[in-house]
Q: 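Following this message is one structure expressed as structure tokens.
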2 protein chains.
Amino acid sequence: MIEHEFLDWLRQRLPKSDSSSTDDYQLQDDAARMHLAGDAIVTSDLLCEGVHFELKQMSAHQIGRKALAVNLSDLAAMAASPTAAVVSLLLSPSTDLNWAKDCYEGLLSLADQYGLQIVGGDTNRWSSGIVISVTAIGQSGTGGILSRSQAQVGDQIVVTGSLGGSLQGHHFRFTPRVHEAIELMEQFTLHSGMDISDGLTLDLSRLCEASKLGAELWLDQIPISAAAQAASEHSMKTPLEHALGDGEDFELLLTLPADEAARLTKLQPLEIPITPIGQIVAEQGLWTRAADGSKTAIAPRGYIH
Amino acid sequence: MIEHEFLDWLRQRLPKSDSSSTDDYQLQDDAARMHLAGDAIVTSDLLCEGVHFELKQMSAHQIGRKALAVNLSDLAAMAASPTAAVVSLLLSPSTDLNWAKDCYEGLLSLADQYGLQIVGGDTNRWSSGIVISVTAIGQSGTGGILSRSQAQVGDQIVVTGSLGGSLQGHHFRFTPRVHEAIELMEQFTLHSGMDISDGLTLDLSRLCEASKLGAELWLDQIPISAAAQAASEHSMKTPLEHALGDGEDFELLLTLPADEAARLTKLQPLEIPITPIGQIVAEQGLWTRAADGSKTAIAPRGYIH
């Protein structure tokens, strides 16, 4: 049972919806009501202590922010516009309620930034570790919805930002590419896409599988982050290996026709770089091509849940 | 990390959507897409071992069924039609994967019955107890949406079924009143409503609070369940006290104009009884009236989360 003081704080802290709208049903009813202009896009992620975060390594604010951020990245993967979220929080016997407040503050900092409302959920205490489960609801935009399964042979593969070494700090600070995905979806002909959450090669192999195609990666073109460089100094891996296999980049992986890719990489419409890293091919699997034209298979590496 | 065998089983077990529809995006993308005819209605409940269930007292099938049933009851409270759900499951180190399968089977038995699709979620293992978090998405029907806040002075208060003693077994066997709520919403002028999850008097006091009104209860009219009778034989409470204060009835609590209530209680359109138990009054609080016309306040009792 959670102290009234926290629930009163939460009720005050959650922004009230415009009382002239039917959204006023929210928070006092058994379920939240929302009007969506397009199709509903729904995603859910559960983070738990000891698996997804350690209390000694991340602050409550960082954990709360990340719990929502990973969901926003999933909405970005579909080029959906965030609308609302429900939050379930399980506290351990020793969790201070200020921890719970800071966790919500982290979550709300991102919610405010993306115009998303927390419309429900609950907080409980139990005898085990901390769990935070967030379900985010978005709506499809005018540009349509991005999917993993619509890649076509000849598409170029591009990524936003740079990859690898996320555990150095990027994983709790990253900007979910929500606005970027919607903007690209509106201004370019994108065939397929997803977010890179489990490592470039693993996620690309999933996109290929969903599209029943393969991919040829241009290994010398992969944008390697400074964090991947730093990580490689203490690991047994090269910076490229970090960029190919580390999880939690939360960048966009997109495929689009070659002429559109050329226009996109020339225009560079985002504040972050967009880099072509390969192309979609008919033969299933991930491939790289040597200078002599010979093909080698790349084994997908990354974080398998 | 969860064994591939379970994930393969789950992939097979979850019904595939019609491949001719855009719902085909489901389960392979980062988020699920669904087209809703009306407004989106969203609710979420998290059940955890030791607080909401004990492994020695409930089977995996019962726990899975209940995790979805409580969400369906929340949709019923809004007279919403269930569409989809996402499920996050955390297993303990010792949980057999057959337990996880049985849990899903319990959940799917109810999903199938209500035409609801499991469109996403994840399964993880960690070092603590079992957690199951379900978020259900529904859509508003042609009859509109039910809310707690629209009760009016003079409304009669009615309940479906009978109340009390849910812990005797009703709490994991109950039928969420989804069809009942939609049918009543379409055929009668309902002003307000909710489901009774925390105890009649506590939930009625919340409905009154949301509507900024009060209620007079007719204590001799409360439909007392056989389980409440049975429970009272071993408790220090009367059957009526069980009916007024026990949680987890998951019946509907509705208010409607007196003439509509008379029509409803005469017609009895459901397979379960509908009983008038009081009326909405202007003075805030819960009241009962003695034979001499004098009013006494009733203290709301029930399960406070």
Side-chain angles (χ1 to χ4, degrees), chain A residues 1-2 22 24-25 28-36 39-46 48-51 73-78 80 83-84 86-88 90 119-129 131 133 135-138 140 145-149 194-195 197 206 209-210 304-305, chain B residues 1-2 22 24-25 28-36 39-46 48-51 73-78 80 83-84 86-88 90 119-129 131 133 135-138 140 145-149 194-195 197 206 209-210 304-305:
Chain A
M1 194 160 116
I2 288 295
T22 52
D24 210 30
Y25 287 103
Q28 70 179 3
D29 275 312
D30 294 278
R33 173 189 194 162
M34 64 203 74
H35 179 73
L36 303 176
D39 282 357
I41 313 295
V42 181
T43 184
S44 187
D45 276 287
L46 180 151
C48 60
E49 192 179 343
V51 176
S73 189
D74 282 333
L75 292 183
M78 308 277 286
T83 305
V86 289
V87 179
S88 291
L90 270 183
V119 295
D122 53 0
T123 306
N124 265 296
R125 222 183 254 285
W126 75 326
S127 62
S128 295
V131 177
S133 172
T135 302
I137 297 104
S140 54
I145 281 297
L146 208 50
S147 152
R148 294 182 184 182
S149 60
M194 64 187 296
D195 70 327
S197 52
R206 289 172 178 154
E209 209 173 309
I304 297 177
H305 296 281
Chain B
M1 194 160 120
I2 288 296
T22 52
D24 212 29
Y25 286 102
Q28 70 179 3
D29 275 312
D30 293 279
R33 174 190 192 161
M34 64 203 76
H35 179 73
L36 302 176
D39 282 357
I41 314 294
V42 180
T43 184
S44 187
D45 276 286
L46 179 151
C48 60
E49 193 180 342
V51 176
S73 190
D74 282 333
L75 292 183
M78 309 278 286
T83 305
V86 290
V87 179
S88 290
L90 271 183
V119 296
D122 53 0
T123 305
N124 265 297
R125 224 184 253 284
W126 74 326
S127 62
S128 294
V131 176
S133 173
T135 301
I137 297 104
S140 53
I145 280 297
L146 207 50
S147 152
R148 295 183 183 181
S149 61
M194 64 186 296
D195 69 327
S197 53
R206 287 170 177 155
E209 210 173 309
I304 297 176
H305 295 278

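Every heavy atom of this structure was used, including side-chain atoms; hydrogens, water molecules and symmetry mates were not. Each chain gets a letter, A, B and so on, in the order the sequences are listed, and its residues count up from 1.
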Q: Identify the heavy atoms of A:Asp39 and B:Arg33 that sit nearest to each other, and give their distance.
A: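 It is OD2-NE, 2.9 Å.
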Q: With chain B as the partner, which of A:Leu36, A:Ile137, A:Asp74, A:Val42 has the greatest number of non-hydrogen pairs under 4.5 Å?
A: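 Of the options given, most contacts go to A:Val42.
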Q: Tell me, out of A:Val86, A:Val87, A:Leu75, who's got the most heavy-atom pairs with chain B below 4.5 Å.
A: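 When all of A:Val86, A:Val87, A:Leu75 are compared, A:Val86 has the most.
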Q: For chain B, which of A:Gly50, A:Gly138, A:Cys48, A:Ala136 has the most heavy-atom pairs under 4.5 Å?
A: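 The option with the most such pairs is A:Cys48.
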Q: Using non-hydrogen atoms only, which part of A:Ile41 is less than 4.5 Å away from chain B: side chain, backbone, both, or neither?
A: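 Both the backbone and the side chain of A:Ile41 come within 4.5 Å of chain B.
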Q: Who among A:Ser128, A:Ala40, A:Ser44, A:Ala77 has the most heavy-atom pairs with chain B under 4.5 Å?
A: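 Max contact count across the listed options: A:Ala40.
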Q: Side-chain contact test, heavy atoms from C-beta onward, threshold under 4.5 Å: evaluate it for A:Val51 versus B:Arg125 and give yes or no.
A: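 Not in contact.
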Q: Give the member of A:Ala84, A:Ser73, A:Ser88 that has the highest number of heavy-atom pairs under 4.5 Å with chain B.
A: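 Heavy-atom pair counts peak at A:Ser88.
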Q: Using non-hydrogen atoms and a 4.5 Å limit, figure out which bit of B:Ser127 sits close to chain A: side chain, backbone, both or neither.
A: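 Interface part for B:Ser127: neither.
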Q: Starting at CG of A:Leu46, measure out to CG of B:Asn124 and round the result to the nearest 0.5 Å.
A: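 Atom-to-atom, A:Leu46:CG and B:Asn124:CG are 7.5 Å apart.
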Q: Kindly give the heavy-atom pair with the smallest separation between A:Asp29 and B:Arg148, and that separation in Å.
A: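 Answer, listing the atom of A:Asp29 first, then B:Arg148: OD1-N, 2.6 Å.
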